[in-house]
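Okay, so here's the structure we're looking at.
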Amino acid sequence: MHAIEIAKTYIQAAQTGDQATLGRVISPDVVWHQPGHNQFSGTHRGMAAVGQMLGQMMAVSKGTFAITRADHYMANGDWVAVSIEFAGERDGLTLQQAGVDLLHIVDGRIVEVRLFSSNPAQEDAFWGQ
């Protein structure tokens, strides 16, 4: 599968909560760079740690956090950049903004993820410390 197809498979699985597909396309040794200065920010190593973080994000947002739009998949060798929008609601706060997911794909699996936010202050306020 081409890198862009793997990225599309990942985004679709993330949008639908397809854990089996996520487990298939994300390396167990993934290195995940979560942006900002909030409780989830920083580098998370391994699918177990990433899965725990994502589960906590869903708990904090009461299941509302989602990638609401994904278009413009752009490849450069083993890297794919995806233009996205994401949103969520929490305790009267709304998170809605554009971002970029940068995925490093090796041997058919995502081995590194770097996320970019267009409004880091909004995202930090939403997730909290």
For Ala98 and Ser118, the nearest pair of non-hydrogen atoms, with its separation, is O-OG, 2.7 Å
Straight-line distance of Ile26 CD1 to Ile110 CD1, nearest 0.5 Å
5.5 Å
Without swapping roles, check the side chain of Asp18 against the backbone of Thr21 for a donor-acceptor pair under 3.5 Å.
yes
What pairs with Ser117 under side-chain hydrogen bond (donor to acceptor under 3.5 Å, both in side chains), at least two apart in sequence or on another chain?
Glu123
Does any non-hydrogen side-chain atom of Val31 lie less than 4.5 Å from one of Thr43?
yes
Which donor-acceptor pairs under 3.5 Å do the side chains of residues 1-15 make with protein atoms, sequence neighbours left out?
{"from": "His2", "atom 1": "ND1", "to": "Ile4", "atom 2": "N", "distance (Å)": "3.0"}
{"from": "Thr9", "atom 1": "OG1", "to": "Glu5", "atom 2": "O", "distance (Å)": "2.9"}
{"from": "Gln15", "atom 1": "NE2", "to": "Ile67", "atom 2": "O", "distance (Å)": "3.0"}

Identify whether Leu115 and Leu103 are in the same connected component of the hydrophobic contact network (ILVMFWY, side-chain heavy atoms under 4.5 Å).
yes
Shortest non-hydrogen contact from Val30 toward Met47:
CG1-N, 3.9 Å
Do you know the tightest heavy-atom contact between Asn38 and Pro35?
ND2-O, 3.8 Å
Verify same cluster id: Val106, Leu102 (apolar side-chain graph, 4.5 Å):
no
side-chain hydrogen bond (donor to acceptor under 3.5 Å, both in side chains) pairs touching residues 23-32, sequence neighbours excluded, are Trp32-Gln34
Before giving the answer on side-chain contact (heavy atoms from CB on, under 4.5 Å), spell out for Leu95 and Gln122 the whole-Å C-alpha distance, their side-chain angles and the decisive distance to 0.1 Å.
CA-CA 7 Å; Leu95 174 67; Gln122 180 196 54; 3.6 Å; yes
Going by side-chain hydrogen bond (donor to acceptor under 3.5 Å, both in side chains), name the pairs with one or both residues in residues 53-68, residues two or more places apart or in two chains.
none
So, taking the atom named CD in Gln96 and the one named CG in Leu93, what distance separates them when rounded to the nearest 0.5 Å?
13.5 Å
Counterpart residues, salt bridge (Lys or Arg N to Asp or Glu O under 4.0 Å), relative to Asp107 (two or more places apart):
none
Using side-chain heavy atoms (C-beta onward) and a distance below 4.5 Å, is Met53 in contact with His44?
yes
Distance-only donor-acceptor pairs under 3.5 Å for side chains of residues 81-91, two or more places apart:
{"from": "Glu85", "atom 1": "OE2", "to": "Arg69", "atom 2": "NE", "distance (Å)": "3.3"}
{"from": "Glu85", "atom 1": "OE2", "to": "Arg69", "atom 2": "NH2", "distance (Å)": "3.3"}
{"from": "Arg90", "atom 1": "NH1", "to": "Phe126", "atom 2": "O", "distance (Å)": "2.8"}
{"from": "Arg90", "atom 1": "NH1", "to": "Trp127", "atom 2": "O", "distance (Å)": "2.8"}

Any donor-acceptor N or O pair under 3.5 Å, side chains Glu112, His33
yes
